[in-house]
Amino acid sequence: MSITLYPNLILDALRRVRYPGTGQDLVTAGMVEDDIRIEGMKVSFSLIFDKPNSPFIKSVVKAAEKAILTYVSPEVQIEGNISVKVPEVVPQDSLPLLPKVKNTLAIFSGKGGVGKSTVSANLAVALAQAGYKVGLLDADIFGPSQPKMFGCEDERPVLEDVDGQELIAPVERFGVRMLSIGFFVNKESPVLWRGSMASNALKQLLTETNWGELDYLLIDLPPGTSDIHLTLVQTLGLTGALIVTTPQQVALADAIKGVGMFLDEHVQVPILGLVENMAWFTPAELPQNKYYIFGRDGGKELAEELDIPLLGQIPLIQSICECGDGGEPIATQRDSLMGIYFRTLARNVVEQIERRNAEQAPTQRVELQK
């Protein structure tokens, strides 16, 4: 038997939810906006938080949804209908750092050799093929590989005048605007820089480039946790981070450390999800066969353990390596099996970013104590 909903029923349920920051219930704390809308069994309203990077936003929204379903009716359509409002943040600078870039995504791995750069390149191409404006920053200062995978190792970006300011013009391939330290150093020589030099190079590539209007700027980070990662979160308020790992236990153990860095209370960059790369091996002559060389479902199980989305499982196929070495990411082959895998990954990433933007306030740049 259905019931008639009215605002006081909703408010009574929300009085049972306490805000961890003050201990008061949501109604007493003045966190429930006066915008409750009821359409049949559909209920929507806003919750007001005191700061945009409050660590309690997600948990409080979930608790509010549960309270309404428990104390009003399990038939209430409330999930996904609670909006978050926060005070307007006064920017530290007069202008945003990247005013024309809508979303910035850090792609990282706990250790090297898991195919993070390959996933970054193919994800960027797949997003561009879907019609989005995409940029890719190769921030792996000591081991830049994107110029090789995009077939443009010999390119030398030029400066261009933008409103009286000289900015680096990124190289464009397959619809992706790409920049890498690899364009500015001898590809035959190692990059022997101290941490401060590498960090300054990253800042310059990030802030002194004419990225133009972008829907997504992907940032391919070095493996592990280092000065580069800290410099990035101090320079830019990231939309979120994406972790790449193999199913192997050694890789998973290091991946957890990377997740811990981004979720640290001083950093608080949302983890958008996990990609399990090299999930299985499939030989070209036996496309239906799966051989679990590095273990089975390790990334899937880690995603479940950390309560983050599993955005894709990418198989190990020889053509991925061949295309990367040949300077043409396999995602450019739209009708291939791997092209479908990366299109699916791109779609899942877009959905997760849209959900993150709807449920959470923008990430702020990190202020770390020296």
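Just so it is clear, the values below take in all heavy atoms, side chains as well, and ignore hydrogens, waters and symmetry mates. For this chain, numbers begin at 1 and follow the sequence in order.
Classified by interplanar angle (parallel below 30°, tilted 30° to 60°, perpendicular above 60°), the ring pair Tyr216/Tyr132 is perpendicular. Taking the six-membered ring where tryptophan is involved, the planes of Trp280 and Tyr292 are perpendicular, since the angle between them exceeds 60° and thus also 30°. Between Phe56 and Tyr19, the angle of the ring planes goes over 60°, which puts this pair in the perpendicular group of the 30/60° scheme.
Glu65 places a side-chain N or O within 3.5 Å of a backbone atom of Gly80 that can act as its donor or acceptor partner. The closest donor-acceptor contact from the side chain of Thr332 to the backbone of Pro329 lies under 3.5 Å. Of the possible polar contacts, one joining the Thr282 side chain to the Asn289 backbone as a donor-acceptor pair under 3.5 Å is found.
Tested against Asp220, the residues Ser145, Ser180, Ser117 include a single side chain to side chain donor-acceptor pair (under 3.5 Å) partner, Ser117.
Taking CD of Gln129 as the start and CG of Asn122 as the end, the distance is 9.5 Å to the nearest 0.5 Å. In this structure, Glu276 CD and Thr246 OG1 are separated by 8.0 Å, a value rounded to the nearest 0.5 Å. From Asp138, atom CG reaches atom CG of Leu221 across 10.0 Å, with rounding to the nearest 0.5 Å. Taking CE of Met31 as the start and OG of Ser46 as the end, the distance is 11.5 Å to the nearest 0.5 Å. Taking CZ of Arg173 as the reference point, atom CD of Gln146 lies at 13.5 Å (rounded to 0.5 Å).
Here the side chains of Val114 and Asn277 are not in contact, with every heavy-atom distance at 4.5 Å or above. For the pair Leu242 and Phe108, the minimum side-chain heavy-atom distance is 4.5 Å or more. Two residues are said to be in side-chain contact when any heavy atoms from C-beta on lie closer than 4.5 Å; Arg356 and Thr363 meet this criterion. Taking the side chain as every heavy atom from C-beta outward, Val84 and Phe49 approach each other to under 4.5 Å. Annotation: side chain of Leu217 is in contact with side chain of Leu206 (closest heavy-atom distance under 4.5 Å). Inter-residue side-chain proximity for Leu202 and Thr235 is flagged as unmet; no heavy-atom pair is nearer than 4.5 Å. Asp35 has its side chain within reach of Lys85: a pair of non-hydrogen atoms, C-beta onward, lies under 4.5 Å apart. Side-chain atoms of Glu359 and Ile57, non-hydrogen and from C-beta on, never get closer than 4.5 Å to each other.
A pairwise comparison of heavy atoms in Cys152 and Met178 identifies SG-CE, 3.6 Å as the closest pair. For Leu272 against Gln352, the heavy-atom pair with the smallest separation is O-CG, 2.9 Å.
Between Asp215 and Lys133 there is no salt bridge, since no side-chain nitrogen of the basic residue lies less than 4.0 Å from a carboxylate oxygen of the acidic one.
Applying the salt bridge (charged side-chain N to carboxylate O under 4.0 Å, His left out) rule to Asp140 yields no partners; only residues at least two apart in sequence or on another chain are considered.
Ile48 and Ile10 fall into different hydrophobic clusters, where Ile, Leu, Val, Met, Phe, Trp and Tyr side chains are chained together by heavy-atom contacts under 4.5 Å.
The ring-ring contact (aromatic ring centres under 6.0 Å, His included) contacts involving residues 312-339 comprise nothing, where partners must be two or more places apart or lie in separate chains.
When only modelled atom types and interatomic distance are considered, Asn210 and Gln165 share no side-chain donor-acceptor pair under 3.5 Å.
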